Structure formats: C-alpha cells, structure tokens
A.B. asks: 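Pasting a structure below so you can have a look.
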Number of protein chains: 4
Amino acid sequence: MMVRRTNTDDNELTARRRILDAAAREFAASGFDGARVDEIARKAGVNKALIYYYFKSKEELLAVLFEETRDAVFALFDAGVIRKMDFGTGDDARRMLTTFLEVLEERQDVIRVVLMECAKRTPINDMIFSMIGEILDRMMALAADTGYLVEKDREKAKVTEFFTGMMPILNYVAYHEIWMERFGMEEPALRAQFIDAFLGTHLAYTVRKAGR
Amino acid sequence: MMVRRTNTDDNELTARRRILDAAAREFAASGFDGARVDEIARKAGVNKALIYYYFKSKEELLAVLFEETRDAVFALFDAGVIRKMDFGTGDDARRMLTTFLEVLEERQDVIRVVLMECAKRTPINDMIFSMIGEILDRMMALAADTGYLVEKDREKAKVTEFFTGMMPILNYVAYHEIWMERFGMEEPALRAQFIDAFLGTHLAYTVRKAGR
Amino acid sequence: MMVRRTNTDDNELTARRRILDAAAREFAASGFDGARVDEIARKAGVNKALIYYYFKSKEELLAVLFEETRDAVFALFDAGVIRKMDFGTGDDARRMLTTFLEVLEERQDVIRVVLMECAKRTPINDMIFSMIGEILDRMMALAADTGYLVEKDREKAKVTEFFTGMMPILNYVAYHEIWMERFGMEEPALRAQFIDAFLGTHLAYTVRKAGR
Amino acid sequence: MMVRRTNTDDNELTARRRILDAAAREFAASGFDGARVDEIARKAGVNKALIYYYFKSKEELLAVLFEETRDAVFALFDAGVIRKMDFGTGDDARRMLTTFLEVLEERQDVIRVVLMECAKRTPINDMIFSMIGEILDRMMALAADTGYLVEKDREKAKVTEFFTGMMPILNYVAYHEIWMERFGMEEPALRAQFIDAFLGTHLAYTVRKAGR
DNA sequence: TATGAATGAGTGTTCATTCAT
DNA sequence: TATGAATGAACACTCATTCAT
C-alpha cells in the first residue's frame with residue numbers, strides 16, 4: 001500500500017517556488033541592487049538559467065514576490081481576521097495583533113525589501129507605492145467600518161494610518177530580528193513590548209479620537 | 001589688493017564638499033548599491049578620480065556622511081534644543097518638533113540611506129546600528145532627565161523609543177517628499193498632520209506612562 | 001466515413017518540413033548567428049526539443065537547407081530549363097531568365113543566407129563554397145556546350161561567370177524585396193529593369209566574346 | 001640629434017584606432033552577431049572595458065566604421081578621382097578602376113560586413129541602406145555629369161547602378177581574397193580579369209546606352 | 001513523436017578603482 | 001589638485017543543447 005508523503009522538504013517544493021523563496025532571502029539580505037542572481041540560484045539549488053526560464057528578469061522576481069505579499073495581506077482582511085475582533089486596546093486587540101504580526105513575519109523578507117526600496121527613485125518605487133496605496137485603502141475602509149476612523153478628512157486619515165499605523169508595524173516586522181541580534185533581546189519580550197507600545201500609541205490614539 | 005570672496009555659491013564650495021553633497025543625493029536616489037560613482041562625479045562637477053583622491057572608497061563616502069549626520073544630531077541635543085522645551089504634548093512640544101523636523105529634513109538624503117541600508121546584512125549595517133545605538137542612548141538619557149522615561153527597564157524603554165519614537169520621525173523625514181508626490185498633499189498640511197499624530201501617539205503615551 | 005484531406009495547409013505539412021521552412025525564414029531574417037532556435041520553434045509551431053529530434057544541431061538545419069537548394073538548382077540544369085533556350089540576348093533569353101529568377105525566388109531565404117555567410121571565416125563557409133563551386137562548374141559546362149564560354153582559360157572563365165553572372169543574379173534574388181521596401185519600386189518594374197541590365201551586361205558580353 | 005619616428009607600428013596608434021581596426025577585422029571574420037567583443041579587445045591589445053570607454057556598444061563600433069567608410073568613399077568622389085578620367089572602357093577607365101579597387105580594398109573588412117548585414121532585418125540594415133542610398137546618389141550624379149547616365153528614369157537608373165555597378169564591385173572587394181584561397185588564383189590575374197569583366201559588362205552597357 | 005524542465009558555457013555590458021601625468 | 005585613460009572582476013541575461021517522461 002502506497003502512502004503519500006506529506007513532508008515539506010526543500011526538495012518537495014517546485015523549482016519555481018524554491019527560486020522565489022531564495023530570491024526573497026537574497027533580496028532581504030542585500031537589497032534589490034545588491035542581490036546577485038547567481039546567489040539566488042545557489043540558494044535555490046537550481047541552475048541560474050532556470051530562473052530566466054520562469055521569470056523574465058530579476059525585477060519580475062521582485063514583482064511576483066510583491067504580488068504574493070499583497071495578496072496575502074488582502075486575504076487577512078478578506079478572512080476577517082482583523083475586522084471580527086473588538087478593535088480596541090484590550091486583550092482581543094492584543095491577540096489580534098499577535099496573529100497579524102505572526103502572519104507578516106512569515107513574509108518579513110519581502111517586507112524588508114519594501115522598506116529598503118521605498119525611498120528610492122526607481123521603477124520599483126512604483127510597484128511599492130501602488131501596493132501600499134491599495135493596502136492603506138483597505139486599512140481605512142476597515143477603520144471606517146468599525147467606527148474608528150480617526151479623521152473625517154480622508155487625506156489626513158491616510159497620513160495617520162501610514163505613519164503611525166502601517167509603518168511601525170512594518171518596521172517591527174522588518175527589524176525585530178536585527179534588533180534581537182544587535183541589542184540582545186528575546187523574541188517574546190520584544191514582541192510583547194512592541195505590542196504594548198503600539199496599543200498605547202496608535203490604537204489608543206484611534207480610540208480616543210473616535211471618542212469611545 | 002586681493003579680497004577673498006566668502007559667498008556660498010555651489011562653485012565656491014570646495015570640491016570635497018561638493019562631492020559629499022552629490023554623494024548624499026545619489027545615495028538617496030538610488031541606494032548605496034544602486035549609486036554610481038560616475039554619477040556622483042557628474043553631480044559634483046568633478047573628475048571621477050578626484051573622488052578617490054579625497055575618499056578611499058564609495059563606502060568611505062557613506063561613512064563620512066553618516067558621521068556628519070550623527071554629529072549634527074548630537075549637536076541638537078548638546079544645544080538643548082529638545083531638553084529646554086516643556087516635553088509634553090502642548091504648543092511647546094509642537095514648536096520643538098517642528099524645529100527638530102526642519103533640521104532633520106536638511107539631512108533627509110542621508111536619513112533615507114539609513115533607512116534603506118538599515119535592514120541589510122552588510123558591513124554598512126554595523127555603521128548604522130552603532131550610530132542608532134548612540135542616538136537612542138542620548139534620547140533615553142534625555143527622557144530620564146526630564147522624567148518622561150516610559151519604562152524602568154532600560155531594555156524595554158529602548159524598544160519603545162525606537163519603534164514608536166525614532167522610527168516614525170525618521171520615516172516622516174525620509175518619505176514625506178515621496179508621499180507628497182504620490183498622494184498629492186502639500187507640505188504644511190502633511191507636516192501638521194504628522195505632528196498631530198506623533199503628539200497623539202508616542203508623546204501622549206510617554207506622558208501617560210510617566211504618570212503626569 | 002473519414003476522408004484523408006490532401007490540402008497543403010501549413011498544419012498538414014510534417015513537423016520536419018515546417019521546421020525547415022521556419023529555419024529558412026529565421027536564418028534569412030537574422031543570419032545564422034543571429035537566428036534563435038527558440039524562434040525557429042515558435043515559427044514552426046513545434047516544441048524546441050523536437051528540432052533536436054530531427055536535426056542534430058542548428059548547423060545541420062542550415063546544411064540540409066543548402067543541400068535542398070543545391071539539388072533544386074541542379075534539377076533546373078538537369079531539366080534543361082536553361083540549356084534548351086536560345087542562349088542569347090533576345091526574348092527567349094528574357095523568358096528563360098524570368099523562369100530562372102522565379103524558381104530561385106522561391107528559395108530566396110536560403111540564398112540570402114548564402115550571401116550573408118559567404119564572406120565569413122567559419123565552418124559554414126566550406127559548405128557554401130563547395131556548393132558554389134559545383135554550381136559554377138555546371139554553369140561553365142553549360143556555357144561550353146552552347147558555345148558561349150567566354151574564355152578559353154577555365155580559371156578566368158570562372159571569375160567572369162562568378163562575378164558578373166552568378167553574383168548579380170543571387171544579389172537580385174536576395175535583395176529585391178528589401179530594395180522594393182527601401183526605394184519603393186514595384187516587383188514587375190524592378191524585375192524587368194534587372195533583366196534588361198543583366199541581358200545588356202553579362203549576357204551581351206558573353207555573346208560578344210563568343211564572337212556571335 | 002633626435003629623430004622623430006614615423007613608423008606605423010600597432011603601438012603607435014591610439015587605443016581607439018586599434019579598437020576600430022580590430023573590430024573591422026573581427027566583424028569581417030565572423031559577422032556582426034558572430035563577432036565577440038572579447039576577441040576585439042584581444043586583437044586590439046586592450047582591456048575589454050576600454051572598448052566601452054570609447055564606444056557605447058558593439059553596435060556603435062559598427063556605426064563608426066560605416067561612417068568612416070562612407071566618408072572615405074565620398075572623399076574619392078570629392079577628390080575627383082573618378083570624375084576626371086575619361087569615363088569609358090579604355091585604358092583610362094582601367095587605371096581608374098584599379099585605383100578605385102585599391103582604395104576600397106583598404107576597407108574590405110567593412111565592405112564585407114556591409115554585404116553580410118545587407119539582407120538582414122535588423123537595425124543595422126537601416127544604417128547600411130542609408131549609406132548605400134547616399135553613395136548611389138553620388139554615383140548617379142557623377143554618371144549624369146559625365147553624360148553616361150543609362151536611363152532617363154531615375155528609378156530605373158538606380159536599379160542598374162546598384163545591381164550591375166555597385167554590387168559587382170563590392171562583391172569583388174569582399175570576396176576576392178576568399179576566392180584566391182578557395183580557387184587558387186593570384187591577385188594580379190584575378191583583378192585583371194575582374195576589371196575586364198566589369199568594363200565589358202557594366203561600363204560597356206553604360207557607354208552603349210549613352211549612345212557614344 | 002512530442003514536450004516542459006533543466007543546464008554549461010558563454011555574451012555584451014557595467015563598475016569601482018587605479019595609473020600616469 | 002586634477003584628469004583622461006585604463007583595468008579586473010563581476011553582472012544580468014542568453015542560448016544551443018540535453019534530459020526525463
């Protein structure tokens with residue numbers, strides 16, 4: 001009787017998947033310009049030319065990773081992971097944020113690249129800001145639905161959502177590992193402290209502004 | 001009799017200074033890896049080889065820019081620009097933050113590079129985190145002096161100062177111009193809204209925690 | 001009841017044939033070195049690997065096309081298309097030349113490649129010159145039979161046959177379409193003028209030399 | 001006493017010149033697509049990167065060679081090398097043709113490339129046909145001045161000048177060395193025979209047509 | 001016969017850096 | 001100080017060819 005193996009060894013993944021994963025790691029470690037296609041191939045355990053069989057350029061690799069990440073974030077919204085909770089500052093919010101961070105941390109490599117390329121004046125910047133724009137809109141739609149939108153003025157609300165909502169979270173996801181290495185903290189303490197700070201700042205501000 | 005002119009035209013600046021300024025612009029536009037020494041020379045209006053007369057490598061150019069920026073930030077602390085104000089959430093804080101942002105905006109190019117290179121696993125990362133560490137320590141010393149240190153635990157305090165204090169400010173300085181281009185806001189409104197958000201989040205949290 | 005169709009649609013041709021035709025087009029458009037096996041496969045509507053099932057290399061594709069063309073030219077000689085006419089400068093010669101050009105124009109892609117590769121110092125050059133040598137010998141044998149061989153000296157006769165006989169004809173076949181595009185002439189006028197010129201130059205010279 | 005050396009050793013030429021010469025040789029030997037920039041650098045005795053210091057691409061190398069050749073041909077016309085002779089079929093014409101061929105033979109490498117690339121559908125084709133068009137116009141202007149223009153109809157005259165005038169000459173220049181190797185003739189005999197044939201065909205036709 | 005996946009060896013081009021003056 | 005010329009070491013990307021099925 002045959003038993004279907006279900007392990008997730010590297011070798012079980014398709015070459016295309018291994019290439020994408022390796023690219024995410026390499027981009028995160030060296031930035032887009034610093035990343036070497038040779039190194040991506042080595043990390044993925046494939047011939048370099050195979051990368052160009054599946055993707056038309058180094059830039060397309062990044063674009064596909066960005067799309068996957070945007071879709072994953074949208075899936076979180078669609079699944080109601082965030083909406084259903086009590087969008088306040090209590091334990092529910094704490095649990096929700098934990099889940100949210102955990103999911104994003106699976107994509108931390110790509111998020112790092114987003115932050116690195118975010119300030120450059122290159123074509124990649126366009127990809128990033130269209131993605132950021134879409135996600136911001138979802139965040140604001142959610143805030144409006146739950147009654148916590150801080151500002152009547154859409155333009156101003158976007159500023160707040162971006163600079164004190166989205167960015168601290170992305171920063172945490174991107175830098176928490178480096179922080180742990182550099183300043184010697186452990187994951188649970190660091191995350192707990194970040195969540196405290198986020199609840200005490202952005203979410204508290206939101207709740208206060210919404211007048212609840 | 002010859003009189004030495006003292007105006008500050010671009011052409012009057014030393015070649016060394018023009019090179020550093022050009023490098024900051026080029027690094028900010030393209031990142032460290034994406035920056036081209038040819039382009040720095042072109043922007044500075046000097047021969048490419050002259051760059052290697054003054055600096056031993058592209059990396060040293062960046063190191064010098066980082067040092068200048070760290071010194072400028074330290075000078076702000078030394079001059080008491082921050083300490084002297086009423087470190088709360090009122091108009092004084094608002095004026096102080098405005099001044100602070102204005103000074104940092106003069107160095108926005110270098111700050112952009114800091115954020116870009118912050119997440120990479122390269123030698124540059126060491127330079128950045130030693131600088132960040134020093135500045136964080138000054139921030140915490142100041143917070144302790146003024147009685148607003150949020151946490152007894154130094155480690156935890158550092159986390160809060162970094163993720164909800166330093167990073168939002170650096171992010172604002174780095175991204176505000178791109179934000180204006182992408183989302184079509186004007187400078188005064190954007191800055192006012194950011195200051196509102198920063199006062200309402202990080203500073204409000206600090207003040208609350210300090211029990212005042 | 002099923003009836004086997006006998007039309008000659010592209011799809012009805014064997015894969016091998018479609019590959020050869022596509023190769024001729026691609027070689028003519030881009031030269032041998034510029035031609036891409038991927039593109040040949042695309043033009044032929046087959047999988048790239050199938051090309052290597054039928055032919056052992058890109059070079060063999062070209063060799064087969066050359067052989068086909070040489071055989072077609074020999075068939076013209078064997079069929080007496082040229083021999084039977086009055087090999088002079090009158091209407092018969094004009095009709096003969098028209099027929100000859102029409103047949104060669106069907107192979108214009110391969111002839112273009114011959115001219116492109118003719119001057120290179122590559123292995124392909126050997127294939128071409130052995131073909132050219134054989135055809136020249138047939139041309140001279142024909143000229144001898146009809147009494148129009150311009151020179152007693154075989155060596156000198158070969159020069160004349162090549163530079164003022166064979167080459168102008170091959171050049172016409174290879175370049176007439178490009179000429180039409182570039183200088184905006186129509187086919188009938190261009191061909192008529194070329195035939196005038198050829199009769200007035202090479203054939204007139206031949207006839208004069210032969211003393212008739 | 002110091003004597004200025006006047007030799008023309010390879011080392012006396014500028015690197016830029018050596019690169020162009022090497023490129024002409026390599027293009028002639030392998031065609032544009034078959035030519036290797038590495039090999040050009042090796043032949044020129046320079047570092048490969050230096051080629052890109054002087055020229056922006058492999059294609060620009062070819063463009064510069066084409067321009068030089070067109071200018072050299074124009075200089076022949078401007079100097080009246082051709083115009084001043086008795087444009088007939090006698091000894092003067094023979095001497096003129098000899099001079100003309102000698103000058104062109106100095107550029108035989110580039111002329112070979114012209115013939116190779118002439119039939120391709122690539123950007124290079126544009127460069128070639130604009131050059132050919134200009135030269136043809138000069139040829140026709142000359143023919144008109146000397147009263148030997150074969151046709152009233154400019155369009156038809158161009159066809160004749162191209163297919164029985166320009167092309168046989170370019171073919172001779174391009175292929176005479178290969179011909180000597182392949183069929184074992186010596187230079188003087190081959191050239192004499194070609195000149196005989198050219199006088200007896202294109203020029204005789206021209207003179208007859210002009211009614212002299 | 002036919003194909004999707006895979007690869008070794010290039011290929012033109014770039015770039016930080018150095019040299020000679 | 002300043003520069004035009006020069007270079008070694010990559011770099012992203014390509015391509016003819018082969019493999020497994």
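None of these values were measured; they are calculated from a predicted model. Just so it is clear, the values below take in all heavy atoms, side chains as well, and ignore hydrogens, waters and symmetry mates. Convention: sequence-line order gives letters A, B, ...; per-chain numbering from 1.
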A.B. asks: Run the salt-bridge test on A:E68 and A:R16 with the 4.0 Å N-O cut-off and return the result as yes or no.
C.D. replies: no

A.B. asks: Relative to the 5' end of DNA chain F, which residue comes earlier, A:N47 or B:A15, by the nucleotide with the nearest heavy atom?
C.D. replies: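 The 5'-side residue here is B:A15.
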
A.B. asks: For a 4.5 angstrom cut-off between non-hydrogen side-chain atoms, does D:I51 reach D:K58?
C.D. replies: no

A.B. asks: Can we say D:D21 and D:R25 salt-bridge, meaning some charged N sits less than 4.0 Å from an Asp/Glu carboxylate O?
C.D. replies: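 No, this pair does not count.
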
A.B. asks: Does the side chain of D:F27 come within less than 4.5 Å of D:I40's, by heavy atoms?
C.D. replies: yes

A.B. asks: Taking for each residue the nucleotide of DNA chain E bearing the nearest heavy atom, is the 5' side occupied by C:G45 or by B:G34?
C.D. replies: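 This one resolves to C:G45.
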
A.B. asks: Please evaluate the base of E:dT3 for a donor-acceptor partner in the side chain of C:K48 within a cut-off of under 3.5 Å?
C.D. replies: no

A.B. asks: Using a cut-off of 4.0 Å on non-hydrogen atoms, how would the nucleic acid contact of B:A41 be classed: base, sugar-phosphate, or nothing?
C.D. replies: nothing

A.B. asks: Provide, to the nearest angstrom, the distance between the CZ atom belonging to D:R16 and the P atom belonging to F:dG4.
C.D. replies: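 In whole Å, F:dG4 P lies 16 Å from D:R16 CZ.
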
A.B. asks: Distance check needed: E:dT17 C1' versus B:L61 CG, whole Å only.
C.D. replies: 13 Å

A.B. asks: For D:R18 and F:dA6, give me the distance from atom CZ to atom C1', rounded to whole Å.
C.D. replies: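 Between C1' of F:dA6 and CZ of D:R18: 11 Å.
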
A.B. asks: So which nucleotide from F:dA2, F:dA12, E:dT1 ends up closest to the side chain of B:L50?
C.D. replies: F:dA2

A.B. asks: I want to confirm an ordering. Mapping D:F32 and C:V46 to their closest nucleotides on DNA chain E, which one lands closer to the 5' end?
C.D. replies: C:V46

A.B. asks: Is B:Y54 touching bases, backbone alone, or none of the nucleic acid, heavy atoms closer than 4.0 Å?
C.D. replies: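 Sugar-phosphate, backbone atoms only, no base.
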
A.B. asks: Can you tell which of F:dA12, E:dG12, F:dT17 lies closest to the side chain of D:R36?
C.D. replies: E:dG12

A.B. asks: Per the atom types in the model, does the base of E:dG12 pair as donor or acceptor with the side chain of D:D38 at under 3.5 Å?
C.D. replies: no

A.B. asks: Can you tell me how far C1' of E:dT14 sits from NZ of D:K58, to the nearest Å?
C.D. replies: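 The distance from NZ of D:K58 to C1' of E:dT14 comes to 17 Å, rounded to the nearest Å.
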
A.B. asks: Which residue, C:Y52 or B:A49, contacts DNA chain F at a nucleotide closer to its 5' end, judged by nearest heavy atom?
C.D. replies: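 It is B:A49 whose nearest nucleotide is closer to the 5' end.
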
A.B. asks: Please state how far atom CD in C:E39 lies from atom C1' in F:dA16, giving the value in whole angstrom units.
C.D. replies: 15 Å

A.B. asks: Side-chain contact, heavy-atom cut-off 4.5 Å: A:Y52 with A:V37?
C.D. replies: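 When only atoms from C-beta onward are counted, A:V37 and A:Y52 do touch, with a gap below 4.5 Å.
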
A.B. asks: Distance check needed: E:dA2 P versus C:F55 CZ, whole Å only.
C.D. replies: 12 Å

A.B. asks: Given atom CG of A:L62 and atom C1' of F:dA12, what is their separation to the nearest angstrom?
C.D. replies: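 These atoms are roughly 15 Å apart.
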
A.B. asks: Starting at CD1 of D:I51 and ending at P of F:dG8, how long is that distance when rounded to a whole Å?
C.D. replies: 13 Å

A.B. asks: If the threshold is 4.0 Å, N to carboxylate O, is there a salt bridge linking A:R70 and A:E67?
C.D. replies: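 Between A:E67 and A:R70 there is no salt bridge, as every charged N stays at least 4.0 Å from the carboxylate O atoms.
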
A.B. asks: Once you apply the 3.5 Å cut-off to both distances, tell me the Watson-Crick or G-U wobble partner of F:dT21, or none.
C.D. replies: E:dA2

A.B. asks: Considering just the side-chain nitrogens and oxygens of D:Y53, establish if one lies under 4.0 Å of OP1 or OP2 belonging to F:dA5.
C.D. replies: yes

A.B. asks: Under a 3.5 Å cut-off for both contacts, is E:dT7 paired Watson-Crick or G-U wobble with anything, and if yes, with which nucleotide?
C.D. replies: F:dA16

